[in-house]
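Report on the structure given below.
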Protein chains: 2
Amino acid sequence: MQRIFEALASAPRRRILAILAHGEMSAGDIAARFEMTRASISQHLSVLETAGLVVGEKRGQFVFYRQVPDSLVNTLAGFVQEACPIGRPLRHESAARARRQKS
Amino acid sequence: MQRIFEALASAPRRRILAILAHGEMSAGDIAARFEMTRASISQHLSVLETAGLVVGEKRGQFVFYRQVPDSLVNTLAGFVQEACPIGRPLRHESAARARRQKS
DNA sequence: TCGATATTTAGGCAATTACTTAAATGCCGA
DNA sequence: TCGGCATTTAAGTAATTGCCTAAATATCGA
């Protein structure tokens, strides 16, 4: 929980998650999308992995990273449930609030 | 966005949000729930307010804080949409993933 | 108006973060 | 087995964070 939110506090790390939303990718290919050294990206990946948001799998010369399913969304959903005004299931929040605000 | 995730990276600040989920509360009453000086809580409240997650309203001697509706949930929902494997609406995530995992 | 209460602001300090460059590790193919 | 590529680890540095204490600001009630 703490580690997940710390991981999400960094824009490059959020961007890495967005990239990995489309499928796995090697560390080098990820790094190629940033203007930052490979070492720095490796550190970001390690933060994400420690938080349990991604896993890296070494295949030959490369390390392929992918998202851990559920981890992110479950944490955020759980947090929203205790941090948002009670009695408002996550799935209805947007519409329900819009209605309430209008009236 | 950046400010919101930075705000959420702190456990005390997340706890403040959870407290304010039940309704508004004065800065002092919030601070009373923490083992931390009022000055520190005031700083946390200021971070949350700068992020647009809460607003403080001065009434007499007190400043009452409350959550800004939608702000948190909309940001998180928007982020999940681009950071999670595509084609999975937030409202179905938990159940759908549970089913998928079972099969 | 005075003294007490509520809150914020200012200044300082220790710990952490986010980069960097350089070196180490591991795997591949000639 | 050697040279080269992919990646991580190590070490250093500048900037930021989170807390504190002390001081400032504003409001209340007598």
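Order of the sequence lines sets the chain letters (A, B, ...), proteins ahead of strands, with each chain counted from 1. Since the structure is predicted, the reported quantities are computational estimates derived from the model, not experimental observations.
Heavy atoms of A/Ala39 sit under 4.0 angstrom from at least one base atom. Across all strands shown, A/Ser26 has heavy atoms under 4.0 Å from sugar-phosphate atoms exclusively, and none from any base.
Every residue two or more places apart in sequence or in another chain was checked for a ring-ring contact (aromatic ring centres under 6.0 Å, His included) with B/Tyr65, and none qualifies. With sequence neighbours left out, the side chain to side chain donor-acceptor pair (under 3.5 Å) criterion links A/Glu6 to A/Gln2. The side chain to side chain contact (heavy atoms under 4.5 Å, CB included) check on B/Ser71 picks up B/Ile4, B/Leu53, B/Val68, with sequence neighbours excluded. Every residue was checked against the side chain to side chain contact (heavy atoms under 4.5 Å, CB included) condition with A/Gln61, not counting sequence neighbours, and none meets it. Residues that satisfy the side chain to side chain contact (heavy atoms under 4.5 Å, CB included) test with A/Phe62, not counting sequence neighbours, are A/Ser26, A/Phe64.
Closest approach of B/Arg13 to B/Ala7, counting heavy atoms only: NE-O, 2.8 Å.
The side-chain contact (heavy atoms from CB on, under 4.5 Å) with A/Leu8 is formed by just one residue from the set A/Leu48, A/Thr75, A/Leu76; it is A/Leu76.
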Polar atom pairs between nucleotides 15-19 of chain D and protein, under 3.5 Å, N or O only, would you list them?
| residue | atom | partner | partner atom | Å |
| --- | --- | --- | --- | --- |
| D/dG18 | OP1 | B/Arg13 | NH2 | 3.4 |
| D/dG18 | OP2 | B/Arg13 | NH1 | 3.2 |
| D/dC19 | OP2 | B/His44 | NE2 | 2.2 |

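Contacts with DNA chain C (heavy atom under 4.0 Å) in residues 59-67 of chain A: A/Gly60, A/Gln61, listed by number.
As rounded to whole Å, 14 Å separates atom P of D/dA6 from atom CD1 of A/Ile30.
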Which side-chain N or O atoms in residues 32-42 of chain A pair as donor and acceptor under 3.5 Å with protein atoms at least two apart or in another chain?
| residue | atom | partner | partner atom | Å |
| --- | --- | --- | --- | --- |
| A/Thr37 | OG1 | A/Ser40 | N | 3.2 |
| A/Thr37 | OG1 | A/Ser40 | OG | 3.1 |

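Of the possible polar contacts, one joining the B/Gln67 side chain to the B/Leu17 backbone as a donor-acceptor pair under 3.5 Å is found.
Listed by first then second residue, pairs satisfying salt bridge (Lys or Arg N to Asp or Glu O under 4.0 Å) with a partner in residues 51-63 of chain A read A/Glu24-A/Arg59, A/Glu57-A/Arg59, A/Glu57-A/Arg66, not counting sequence neighbours.
Close approach of DNA chain C to chain A, defined as any atom under 4.0 Å from a non-hydrogen atom of the protein, starts and stops at C/dA18 to C/dC28.
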